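Accompanying notes for the structure given below.
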8 protein chains.
Amino acid sequence: MVEGGKVQIIIGSKSDRSVLKGAIEILEELGVGYYLNVASAHRTPKRVVELSAEFEKRGVAVVIACAGLAAHLPGVVAANTTLPVIGVPIDAGPLGGIDALLSIAQMPPGIPVGCVGIGAAGAKNAALLAVEIIGLQDKDLEKRLKRYRQQLSQAVLDDDLEMGE
Amino acid sequence: MVEGGKVQIIIGSKSDRSVLKGAIEILEELGVGYYLNVASAHRTPKRVVELSAEFEKRGVAVVIACAGLAAHLPGVVAANTTLPVIGVPIDAGPLGGIDALLSIAQMPPGIPVGCVGIGAAGAKNAALLAVEIIGLQDKDLEKRLKRYRQQLSQAVLDDDLEMGE
Amino acid sequence: MVEGGKVQIIIGSKSDRSVLKGAIEILEELGVGYYLNVASAHRTPKRVVELSAEFEKRGVAVVIACAGLAAHLPGVVAANTTLPVIGVPIDAGPLGGIDALLSIAQMPPGIPVGCVGIGAAGAKNAALLAVEIIGLQDKDLEKRLKRYRQQLSQAVLDDDLEMGE
Amino acid sequence: MVEGGKVQIIIGSKSDRSVLKGAIEILEELGVGYYLNVASAHRTPKRVVELSAEFEKRGVAVVIACAGLAAHLPGVVAANTTLPVIGVPIDAGPLGGIDALLSIAQMPPGIPVGCVGIGAAGAKNAALLAVEIIGLQDKDLEKRLKRYRQQLSQAVLDDDLEMGE
Amino acid sequence: MVEGGKVQIIIGSKSDRSVLKGAIEILEELGVGYYLNVASAHRTPKRVVELSAEFEKRGVAVVIACAGLAAHLPGVVAANTTLPVIGVPIDAGPLGGIDALLSIAQMPPGIPVGCVGIGAAGAKNAALLAVEIIGLQDKDLEKRLKRYRQQLSQAVLDDDLEMGE
Amino acid sequence: MVEGGKVQIIIGSKSDRSVLKGAIEILEELGVGYYLNVASAHRTPKRVVELSAEFEKRGVAVVIACAGLAAHLPGVVAANTTLPVIGVPIDAGPLGGIDALLSIAQMPPGIPVGCVGIGAAGAKNAALLAVEIIGLQDKDLEKRLKRYRQQLSQAVLDDDLEMGE
Amino acid sequence: MVEGGKVQIIIGSKSDRSVLKGAIEILEELGVGYYLNVASAHRTPKRVVELSAEFEKRGVAVVIACAGLAAHLPGVVAANTTLPVIGVPIDAGPLGGIDALLSIAQMPPGIPVGCVGIGAAGAKNAALLAVEIIGLQDKDLEKRLKRYRQQLSQAVLDDDLEMGE
Amino acid sequence: MVEGGKVQIIIGSKSDRSVLKGAIEILEELGVGYYLNVASAHRTPKRVVELSAEFEKRGVAVVIACAGLAAHLPGVVAANTTLPVIGVPIDAGPLGGIDALLSIAQMPPGIPVGCVGIGAAGAKNAALLAVEIIGLQDKDLEKRLKRYRQQLSQAVLDDDLEMGE
């Protein structure tokens, strides 16, 4: 399912979709539309270039690219756009995702990628970072984000009270 | 020296300043104003909170926080703002900065930090990622960024020609 | 459940509680009271500061802070107190806890954290280290600790005899 | 030079002494006496046992043990005392001290060691953690420590001001 | 300097050239022509695609791509050709090249890259692996390679004799 | 089962066979014959030498050698042939295969091995790299490989469309 | 069960016994008697010293010491004997045994330990290395070892034939 | 220079010789003769087999094999002898020798190698481990070794006294 929006999510293969569940819930909860595409830096390099060219037409503001192993997708997308790109390393092999983390975080100077943590936890943070960026131009969204952060905070405070009973 | 602007740079100690040289040149070349502050998540925790509260008054849009070792500064700043925070791991000890990289990238879900590469190369990319984010609201800056990227590209093409002679 | 006492345990989220089972058994066996709170360095940064301010009123002598991933909680607590802080890295992600271990152990100079091993084994040792510290002022506790150590020793000697049969 | 005192420092070889410079300055500045001994877990195992037996006679409250490579000294000392032991991993070989860090931090349950960071930065924090522990029974020392922390904090604030000029 | 030939070498930046010295000596000693181009997967992504399209016209049989940090160049080239691609990880940052090694070796299934060792030693082996591949169709080259291997072997035997004197 | 052919696969023990399933499917789908042998660099060193001597008689063009732990098999085979050798690191122990990856990729200069990724994903890429090498002399195979790559690409494009429905 | 013999096996806790199964089968198959004791470097340091003093009376020639995490047992035994000590790192925590491997292999100069691989595979090799050492003085044992090695070799050759059917 | 003796040292290349300085001093001080040969598992595989066949004629009891990077030499020698083989990983590349350490320590079951620490410190321990093994049959050597150990011990005690002055 693809909804139009400010966030463009790209995964390298359909099997990576499960890692996005929490991230998509955050975008939907905060009312941020998104596109979701499958495109592989290695198997469909031209498609990645074409897709990158479409970002501006689609009105995309932030790109979230997810990949495992030698995770080149975020860097390759970043090479084809001047929109901010957030990379999500996926734990897709026997090394626990440290391969993907280094392949995303250690981009050479000139073409930036903002790397978040490995796996579903990282994907959630990618969604929140995208919301923070979009929120710079959308005061309503910024308010919803602040409310979301208060809820996160309240949940911890509630857990603390519950622990004390 | 501190110039007002859209980018807030924070370093944990004065000695981290050298890692920022290239990053600051990029901001200055692209005409993006910045604040530069020293504040330590561990030695001046209150100051980090106060500074975070000032971001909005200053009109800051993006925060770049640099730290080495158990690099908590970017995460602690992110906990105190809903502005996008970019973390720069610094190679400040015998482990080559992998400690700082993991301490920044592996943020738990809820409070995002976008981590770039280790050291001066990462700091340059932090500046460029900040420019990409600010460029979403500033078409002139976006144009200057695209020109900068073309220059980067041209430099590689020139190197290729020179190699061929 | 929270009992008053000399040891303050803090976990970053309720789900980290399971890692504390053995640690709490040790404190209870040795008769050391403890407070157990949930507080997150990232989701409830103010609460961590407030809680740290309460340590002295509560009569706390030692703090045990547990966290996974980019485990900032022990360092952030340490920044807000001059009580000794023991950090327990939790194996909460795909990297086996090495991220949390480095985020705790590699504290920059000035604000110390004593890091123990990863997970439940480390949490037990955090409890024992807290007991050793409190035992400096409590000769009865020190005796109970010495007896505990003799039991540990005896259990190994018994296992050795059993193996020989 | 050996001064009597509450802190017992042990290094595995004379060459490790340089790593202690900043740590000793902190102890001297804060007025905490210390013993400094060379004893090797591997070359002088009996001496380590004898030395551990002397801690109580000397009135030692906290032990700081420093070692590199397969850094067994802190754990071996901890096995022979119920005083709190702080381990300092030293960067003494080609692996940057990660070997020593794991050899100290990953102690099996039962015999705790509080591990600080690698090298001179870690040694300073070992001294400060020792001061925090001794300060629990010495209100004057605790005050001096709080003043020290304020100075640390002030130094960062001063650097920040200087940067702004 | 670019000589026509069966081997296409690509480096991501001019500064990577020094790592190739021994590799180029091997190609020249064994009489294998090569093209040397600078092209960056990130700064000149289109140029990498164009260059890949030229491989067949140039009569290239094997590609050697060298890159450091998040070393995407070999994988991106491999995505644009069905010629065998050999990747050389370069030690270009504080992590000793393990980042580049994982970014090259851990390619996802479908698009292969043959990864050699880090740095100049690896680059020499990339040249020799290219020679082995080209030698499958060139019996004279295969002979020269076998002679080269005998010389390598003889050098070790000579060193052994010399040591024995 | 052993079919004659251009590719020689060697595994160090029968239990490694499962990692080859996808690789063998690729060779069979693309019509590339292969030999499959079990030979251990450590338990049957002479057999490895004999087998290497048979490669040319068998008409083998490329060798794929798979091994886990201290994975010496690819390097030992490479020392006994001038055919191109591709090494597949297997995830056969508690370190996730990083031991095998380093034991294969970090070959000293003089005797090359092209290392692919860890496990079944890497084995598939080894098969494809072998096909690319053999395809240099077999235009029909090269066409089949290009069709295979188009199918890979089409599968991603189809997944993308399906995601959009 | 403890049989007298030339090999002394020591494990740090009863739970480590399972890792020894294959090792003990090898010793029994090759007719080498062994002692098996439980003794902990940390929980029973005196017992380790006493046990080490008994080695000569028992006629022990080689010691095999197994431990996980911060695996100090082999080094501590080595410090108390001049018999050859073989260390077996055990995969007893979330880091896959790399902590134990470094804690055993990286012994400082002066007191040697021969480290084998992690876990049951390593334990088997410890047994075989002990047999090799004892075989230097026992020609019959050396013959049985050579026969064992031929069987290992034959098993691989048989697997190879079976694969070819 | 080659002296006949009980210990056979093999290095993979002449440049590895410097790492042996301290090891050879130990052998000479303790009066243990040794052979020193250069032989490469990769460049001179036949020579390694031939050399292994000569061990018994030479009266060799223990083999010390040193190698860096993908350090196959100790394992390959072990595959060709039933004498005990000690492997010394050398820090010969940008990864600090962790590659060599894993390539030596993680030998698959059946063919043991006893791995010591990385570099010159490890090489000294290899010499001492060889002396311990040979000392099992040579009471005079065992006495000299015990005296050497006492000197090591005394040196630490002297350093301790000196520190106390």
Side-chain angles (χ1 to χ4, degrees), chain D residues 11-16 38-53 65-82 85 87 89-115 118, chain G residues 11-16 38-53 65-82 85 87 89-115 118:
Chain D
I11 50 180
S13 93
K14 214 172 45 173
S15 64
D16 295 339
V38 184
S40 162
H42 299 121
R43 283 169 295 166
T44 61
K46 281 182 204 162
R47 176 65 183 137
V48 172
V49 175
E50 288 166 16
L51 195 59
S52 302
C66 312
L69 301 170
H72 297 183
L73 184 62
V76 167
V77 170
N80 286 290
T81 186
T82 53
V85 176
I90 297 183
D91 173 15
L95 299 183
I98 189 74
D99 41 7
L101 177 60
L102 292 173
S103 297
I104 292 171
Q106 285 288 78
M107 282 290 287
I111 308 297
V113 171
C115 183
I118 300 169
Chain G
I11 49 180
S13 93
K14 215 173 45 173
S15 63
D16 294 340
V38 185
S40 162
H42 299 121
R43 284 168 294 164
T44 61
K46 282 182 202 161
R47 175 64 184 138
V48 171
V49 175
E50 287 166 16
L51 195 59
S52 302
C66 311
L69 301 170
H72 299 182
L73 185 61
V76 168
V77 171
N80 285 288
T81 186
T82 53
V85 176
I90 297 183
D91 173 16
L95 299 183
I98 190 73
D99 42 7
L101 177 59
L102 293 173
S103 295
I104 294 172
Q106 286 288 79
M107 283 290 289
I111 308 297
V113 171
C115 184
I118 299 167

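Lettering of chains follows the sequences in order, A, B, ..., and the numbering in each one begins at 1. For clarity, every value in this text was computed on a predicted model and none was experimentally measured.
- Here the CG atom belonging to D:Leu101 is positioned 10.5 Å from the CG atom belonging to G:Asp99, to the nearest 0.5 angstrom.
- When all heavy atoms of D:Ala41 and G:Ala79 are compared, the closest pair comes out as O-CB, 3.7 Å.
- Contact of D:Ile111 with chain G is made through the side chain alone, with heavy-atom distances under 4.5 Å.
- With a 4.5 Å cut-off on non-hydrogen atoms, G:Ala67 does not touch chain D at all.
- Annotation for D:Gln106 and G:Leu95: closest pair NE2-CD1, 3.8 Å, computed over non-hydrogen atoms.
- Nearest heavy-atom pair across G:Leu102 and D:Ala70 is O-CB, 3.9 Å.
- Per-residue heavy-atom pair counts under 4.5 Å with chain D were compared for G:His72, G:Met107, G:His42, and the maximum is reached by G:His72.
- Between D:Pro45 and G:Asn80, the closest heavy-atom pair is CG-OD1, 4.0 Å.
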